[in-house]
Amino acid sequence: MVEKMQFYPLDINYKIIEGKPVIFLFGKTIDKKQVCVVDESFRPYFIVIPKIDITELAEKIRKISLEEEKETINVLDIEKAKMKKFGKEAEILKVYTQLPSHIPKIKDIIKEWNIIEGVYEYDILFTRRYLIDKGIIPMTLTEAEGEFANYRLRVPSFRAESIKSVSDEALDSPKVLAIDIETYNPPDNIIDSKQNPIIMLAMYGKRFSKVITWKAIEGGDLPIEHVNSEAELIEKFKEHIEAYSPDIITGYFSDGFDLPYIKDRAHKYKIKLDIGLDYSEISVDKKGESAAEIAGIVHIDLLKFIRKIMARGINFENYKLNTVAAQLIGEKKDQVEIEDLHIAWDTNDKKKLAEFCKYNLQDAALCYKLFDKAYPQLIEMIKIVGQAPFSLSRMSFSQLVEWYLLRQAHLHNEIAPNKPSHFDLQKRHSQSYTGAFVFQPKPGLYKNVVIFDFRSLYPSIISSHNIDIGTLNAEEHRENNPNTITLEDTGETFWFSTKKKGFLSSLIEEIITRRSRVKEMMKKDKDNPLLDARQNSLKLLANSFYGYLGFSMARWYSIECAKAVTAFGRFHIKKVIHEAKEKGFNVLYSDTDSVFLELGDKKKKDSIDFMDEINSKLPGIMELEYEGFYPSAIFVSAKAEGTGGAKKRYAIISEDGKIKIKGFETVRRNFSKIGKQVQMKVLEIILKENDKEKALKYVKEKIKQLRDHEIPVDKLIISTQLTKDVGGYGNVGPHVSVAQKMIQKGINVSAGSTIRYVIAKGPGLIRDKAKLPNEITQDEYDAEYYLNHQIIPAVEKLFEVLGYKKEDLVAEHDQRDLKSFFG
DNA sequence: TCCATCCGGGG
DNA sequence: GTGTACGGATGGA
């Protein structure tokens, strides 16, 4: 009996059954039951554009027959159709084959014929093709028509005769299970699943938490489950997965660690990790960055998703779980000496082991919460791009753009361009072009500064100047065309149609408009995480278009378009600079899309009027925005003498006293606290109080304190990361020398460790004077070293702007020292 | 300064 | 599997 069933598709794969490819779409029904929708009717195809008569070509293709060892490969069917290639109508043939794997074989034959213009869309994965062609958006409400069937699966199956998207309503609380393992790992042993067992495995879900371990550990009220061996631990893990039946399994670096590790250990005991909903085993794809896949259960590696998709805008120091969790959900892990786990395990240290169990569970719980935080972003990206969570969560931005475009191309009946050949790639790699314009500032301290910037400069250029491969150098005349641009350096000229809308440019316009609508909705519905994730996804996608155009692997690659985008960018920002000067503003600085104007005797209102005037003449959706008013700003000179002002290095203060710093040491790690503190304080005095005497007095006072040994040692600590193991260094810098000492003392130090040291006074090389912080007292530090290597470099450029020389900073009797330092 | 390689995360 | 990888830091030539 034919019936309708609504569900949310979560995962997709296909299998060949009786010589036909069959799609399996795993999902959740509206009443939260697991289900698998099976579609036997979809066939693989690719596209051919003929050069000769289309019927004649079709006949030739139909006759193709390939004898292989086990099978004969034939063309299953051919359809004529009309599509567009870069906006131009084209008659095409859709060539169908029996199996997806036949596509490249048939394609390779036809590709060589000179009676065709080209072959296209021959490398779009079968399952992804299915989602696109059927208009299905994973995770959103979908309806299948058909009947329940009996495929051998862990969940009920439903054979679909037809399938369609119902709405963009997304599955709102999937059943998530976070996992984390701890392994036995003796010191200096690289983590190795061949040698070392899993000793704990934690799972955390909704109203479910468990730590499985194979030693009797007294965990108090921890949900510890004891088993007798590692093999039993793995069996128990399987049982729990089956009983809990999660929609989603998540972990942190679980693609590269937890799941491959479990799989390796299971293999050792000949245990089948067949937790897939089709009874298949976890598959670990080891190509490059590995990925662990479970059929029907979505495995999300949070590290990958966060690093690739959620991370921009947020500046993570690193991507350790602790760092990321602290930043995204404000939670930290308990401090545990994980290197000592093997000792506790060997010595049966019950108390320590209980702590490790707690730690293990906490990691899983952290993952669970991180997933919760990431879910809106994942959902919204899926809704836009339209690929399944497993693959989408591992995509780079260029891939997100590409799959978005592939879906849109299908919707617009556009033929997708091919990926570059090896030859194309070489050519693309050899090409480079000019980027953004940066205005060189004049060093100085300025008052009353207004900053304007172009809102989404590159996306708005692509939209407003109609930038697209199909509109590039269109037949209409290039003169008097507002979309014509000539490159300043090479003289190349590009122009874009004013009549016909381009594929890329209209898509980006749609993305931008959609985002404004979402932002509008957010005004009434503040703090809605879904809306925020949606506008963010749209913004990220729009911002990636330009990079995608110039990305060598892109299908819609066009260096001409990429060149035109930056050239229009330079054109518009330079025009603003020019007109601002004409209006009598002093232009202080400009970088890519922003411009800094000194008001002088003008009012804020005058600058707004200026902005409005600019905006009245800008094309399309381009817009110059008022970024803010800053009472004070400082620009310094570049390091090299006589090269003028430094680009990308300045500090400004807003009316509410907040200082924004770009490029100064204050934001860098490899600098002592005293250096940072003095720099920050001087900036503050200059920008807030505009009192150069006071700044000078402050620095002099600090220098005196430094020389009188009044600065505590912890403010003098310099931190440097060891980039390789100590033995690997040719030049022994101070941090390496200290690391050597640490090793002698039995402190475990290796590549990646951060070495903290202080420079002590005395004769000899700096590296011999570098001490561990606890080896030195306050009167032993080398004041002159800190003066010359930390304090002076931190502030000399600032004082230069104020009209002081370096010598003014230190007392008279020290000038000899300084001269020798400054040469 | 440019090119090649290594590493990230995990215990 | 109708496929293929990234990107930044670092160190050596």
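Each chain gets a letter, A, B and so on, in the order the sequences are listed, and its residues count up from 1.
Taking atom CD1 of I191(A) as the reference point, atom C1' of dC7(B) lies 14 Å away to the nearest angstrom. A straight line from NZ of K308(A) to P of dA5(C) spans 13 Å, rounded to a whole angstrom. Rounded to an integer number of Å, the gap from F46(A) CZ to dG1(C) C1' is 17 Å. The CD atom of Q327(A) sits 13 Å away from the P atom of dG9(B) (whole-angstrom rounding). L321(A) has its CG atom 10 Å from the C1' atom of dG9(B), to the nearest Å. Across the protein-nucleic acid pair, D123(A) atom CG and dA5(C) atom C1' stand 14 Å apart, rounded to whole Å. The NZ-C1' distance, from K320(A) to dC7(B), rounds to 11 Å in whole Å. Computed from coordinates, the F253(A) CZ to dG10(B) P distance equals 8 Å when rounded to whole Å.
Using a 4.0 Å heavy-atom distance criterion, N360(A) is classed as making no nucleic acid contact. Across all strands shown, F126(A) has heavy atoms under 4.0 Å from base atoms, whether or not it also approaches the sugar-phosphate. Using a 4.0 Å heavy-atom distance criterion, D301(A) is classed as making no nucleic acid contact. Among the heavy atoms of the strands, none lies under 4.0 Å from S396(A). Y184(A) comes within contact range of no nucleotide atom at all, as no heavy-atom separation falls under 4.0 Å. Residue P104(A) is classed as a sugar-phosphate contact, given heavy-atom separations below 4.0 Å to backbone atoms only. The residue L341(A) sits close only to the backbone: its heavy atoms come under 4.0 Å of sugar-phosphate atoms, none of a base. Residue L99(A) is classed as having no contact, given no heavy-atom separation below 4.0 Å to the nucleic acid.
Geometrically, K15(A) engages F24(A) in a cation-pi contact defined by less than 6.0 Å to the ring centre and at most 45° from the axis. Figure legend: K107(A) and F46(A) shown without cation-pi pairing, the cationic atom not lying both under 6.0 angstrom from the six-membered ring centre and within 45 degrees of its axis. R128(A) forms no cation-pi arrangement with Y130(A), by the criterion of a distance under 6.0 Å to the ring centre and an angle within 45° of the ring axis. For R307(A) and Y319(A), the positive end sits near the middle of the six-membered ring, less than 6.0 Å away and at most 45° from its axis.
Residue-to-nucleotide proximity on DNA chain B shows that, of R307(A) and T183(A), the 5′-proximal contact is made by R307(A).
Separation of the C1' atoms belonging to dG9(B) and dC6(C) is 15 Å when rounded to the nearest angstrom. For the C1' atoms, the distance linking dC7(B) with dA5(C) amounts to 16 Å, nearest Å.
Listed nucleotides: dG3(C), dG11(B), dG9(B). Nearest to the side chain of N318(A): dG9(B).
Counting only N and O atoms by type, the side chains of N185(A) and T183(A) include no donor and acceptor under 3.5 Å apart.
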